[in-house]
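Given the structure is predicted, the values throughout are model-derived calculations rather than measurements. Quick note: residue numbers are just sequence positions, from 1. Atom set for the values below is all heavy atoms of this structure, side chains included, hydrogens, waters and symmetry mates excluded.
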Amino acid sequence: DVQLQASGGGLVQAGGSLRLSCATSGFSFDDSAIGWFRHSPGKEREGISCINNSDGTTYYADSVKGRFTISRDNAKNTVYLQMDSLKPEDTAVYYCAADRRSVGVILGKWMKSTMYDYWGQGTQVTVSS
């Protein structure tokens, strides 16, 4: 069975940091791309970062560039999202998703949720002002 387990969310003050983890199993991690999305009430789901696990190329939305860092551990089939300088507007449920053939990366559409085959359950991040 395919599994994506997101964890690491919590409550943090503005300016603080959190590290999210996405532990995966059940598909070829090295062939995949893993994306992070977030969704908050009243807003559309936003693709914020992606990593191509075959070569480590990373991608970021402008809203998080310079503050968030995505990385991977191929031995553990796990992707991380280090979030620094957090702002109240970063408050959302964060999801990781797997594009098993990295199609979204190839097409330049990594930020589109429709490019992803599998989704994790989400982890809440709340940033207080």
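V103 is not connected to I34 by any chain of hydrophobic side-chain contacts under 4.5 Å among Ile, Leu, Val, Met, Phe, Trp and Tyr, and they are in different clusters. Hydrophobic clustering keeps V105 apart from Y80 (ILVMFWY residues linked when any side-chain heavy atoms are closer than 4.5 Å, directly or through intermediates).
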- Query: Going through the distances and angles, do V125 and M83 end up as a side chain to side chain contact (heavy atoms under 4.5 Å, CB included)?
  - Reply: CA-CA 10 Å; V125 171; M83 306 188 297; 3.8 Å; yes
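K76 pairs by the salt bridge (charged side-chain N to carboxylate O under 4.0 Å, His left out) definition with nothing, not counting sequence neighbours. With sequence neighbours left out, V93 forms a side-chain contact (heavy atoms from CB on, under 4.5 Å) with Y95, Q124. Shown here are the side chain to side chain donor-acceptor pair (under 3.5 Å) partners of N53, two or more places apart in sequence or in another chain: S32. Under the rule for a side chain to side chain donor-acceptor pair (under 3.5 Å), the partners of T57 that lie at least two apart in sequence or sit in another chain are D55. Contacts of D90 classified as side chain to side chain donor-acceptor pair (under 3.5 Å), with partners at least two apart in sequence or in another chain: R38, R67. Applying the ring-ring contact (aromatic ring centres under 6.0 Å, His included) test to Y118 and every residue at least two apart in sequence or in another chain returns F27. By the side-chain contact (heavy atoms from CB on, under 4.5 Å) test, I106 pairs with no residue at all, sequence neighbours left out. Not counting sequence neighbours, the partners of R45 by the side-chain contact (heavy atoms from CB on, under 4.5 Å) test are F37, H39, S113, W119.
Listed by first and then second residue, the side chain to side chain donor-acceptor pair (under 3.5 Å) pairs involving residues 6-27 are S17-D84 (not counting sequence neighbours). A disulfide (SG to SG under 2.5 Å) check over residues 96-129, counting only residues at least two apart or in different chains, returns the pairs C22-C96. Screening residues 42-82 for disulfide (SG to SG under 2.5 Å), with sequence neighbours left out, gives no hits.
Q121 places a side-chain N or O within donor-acceptor distance of the main-chain N or O of A6, the cut-off being under 3.5 Å. In this structure a side-chain-to-backbone donor-acceptor pair under 3.5 Å is present from S102 to A33. The backbone N or O of Y94 sits nowhere less than 3.5 Å from a side-chain atom of T123 that would complete a donor-acceptor pair.
Taken to the nearest 0.5 Å, the CD atom of Q3 stands 12.0 Å off from the CG atom of N77. From Q82, atom CD reaches atom CG of L20 across 9.0 Å, with rounding to the nearest 0.5 Å. Note that CE of M115 and CG of L107 are 6.0 Å apart. Values are rounded to the nearest 0.5 Å. Residue W110 holds its CH2 atom at 13.5 Å from CH2 of W36, rounded to the nearest 0.5 Å. Residue L11 holds its CG atom at 8.5 Å from CG of L18, rounded to the nearest 0.5 Å. From D31, atom CG reaches atom CZ of R100 across 11.0 Å, with rounding to the nearest 0.5 Å.
Between D30 and S28, the side chains place no donor N or O within less than 3.5 Å of an acceptor N or O (distance only, hydrogens not considered).
The shortest distance between side-chain heavy atoms of I48 and L81 falls below 4.5 Å.
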Show which side-chain atoms of residues 59-66 pair as donor or acceptor with protein atoms under 3.5 Å away, not counting sequence neighbours.
residue	atom	partner	partner atom	Å
Y60	OH	I70	N	2.8
D62	OD1	K65	NZ	3.3
S63	OG	E46	OE2	2.7

